[in-house]
Amino acid sequence: MVDFAFALDMNTIPTGPVIFRFSNTSFSGQPHVGVMVTLTEGMTSEQVIAGDGLSDNQMTGFVNALFLMPGKTADYYVENLAPGTYTLVCDLTTPDGMPHWKLGMVAQFTVE
């Protein structure tokens, strides 16, 4: 988690149990959230950023979420991550009300 993006170590991961390690390395002092969801088939990060937020008909599932203050690191465990495309979104806002996802804090990865 950086201002304002997810810097992924890997874009493709294997199925099965997975431990995700999140670190908030914000230089601007922003807290961040890593919300992991699945989206409708074919929806891209760019479409999320260009849109007005995710609606219920665009999200097909919720996996997990994690809130971190700057300088903090934490893990979350997913017992059985199925194959597919997953999306990370930060749904917090800056002090002036701009959503972090609108600033580009959206990333996708594939599970094979």
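Predicted, not measured: the structure shown is a model, and the values here were computed from it. Count residues from 1 along the sequence.
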Check residues 78-86 and write down every donor-acceptor pair under 3.5 Å in which the side-chain atom is one partner and the other belongs to a residue at least two apart or another chain.
{"residue": "Tyr86", "atom": "OH", "partner": "Ala82", "partner atom": "N", "Å": "3.4"}
{"residue": "Tyr86", "atom": "OH", "partner": "Ala82", "partner atom": "O", "Å": "2.7"}

N/O donor-acceptor pairs under 3.5 Å from side chains in residues 105-112, not counting sequence neighbours:
{"residue": "Gln108", "atom": "OE1", "partner": "Ser45", "partner atom": "N", "Å": "3.3"}
{"residue": "Gln108", "atom": "NE2", "partner": "Met43", "partner atom": "O", "Å": "3.0"}
{"residue": "Gln108", "atom": "NE2", "partner": "Thr87", "partner atom": "OG1", "Å": "3.1"}

**Asked** So, for Gly34 and Met1, which heavy atoms are closest and what is the spacing to 0.1 Å?
**Response** N-CE, 3.3 Å
**Item:** Minimum heavy-atom distance between Thr93 and Gln30, given as atom pair plus value
**Value:** O-OE1, 4.2 Å
Any residue meeting side-chain hydrogen bond (donor to acceptor under 3.5 Å, both in side chains) with [X], in chain and number order, not counting sequence neighbours:
X	result
Asp75	Arg21
Thr60	Thr38
Thr73	Ser23

Side chains of residues 63-72: which donor-acceptor partners sit under 3.5 Å, not counting sequence neighbours?
none

**Request:** Return each pair, listed once, that meets salt bridge (Lys or Arg N to Asp or Glu O under 4.0 Å) where at least one residue sits in residues 27-39; pairs must be two or more places apart or across chains.
**Result:** none
**Message:** Who clusters with Ile19? Use side-chain heavy atoms, under 4.5 angstrom, across I, L, V, M, F, W and Y, and order the result by chain and number.
**Reply:** Tyr77
So if you build clusters from Ile, Leu, Val, Met, Phe, Trp, Tyr with side-chain heavy-atom gaps below 4.5 Å, do [X] and [Y] land together?
X	Y	value
Leu88	Phe4	yes
Leu103	Val33	no
Val2	Leu8	no

**Request:** May I have all residue pairs that pass ring pair (Phe, Tyr, Trp, His ring centres under 6.0 Å) and include part of residues 38-57, sequence neighbours excluded?
**Result:** none
**Message:** According to side-chain hydrogen bond (donor to acceptor under 3.5 Å, both in side chains), does anything in residues 1-13 pair up with another residue at least two apart or in another chain? List the pairs.
**Reply:** Asp3-Ser26, Asp3-Ser28, Asp3-His32
**Prompt:** Is there side-chain contact between Pro31 and Leu92, with at least one heavy-atom pair below 4.5 Å?
**Reply:** yes
**Request:** Go through Phe22 and Tyr76 one step at a time and tell me if the side chain to side chain contact (heavy atoms under 4.5 Å, CB included) criterion holds.
**Result:** CA-CA 8 Å; Phe22 286 84; Tyr76 69 62; 3.5 Å; yes
**Prompt:** How would you list, by chain and number, every residue that makes a side-chain contact (heavy atoms from CB on, under 4.5 Å) with Asp96, sequence neighbours excluded?
**Reply:** Thr94, Met98
**Which residues share a side-chain contact (heavy atoms from CB on, under 4.5 Å) with Met59, sequence neighbours left out** = Val37, Leu39, Leu54, Asp56
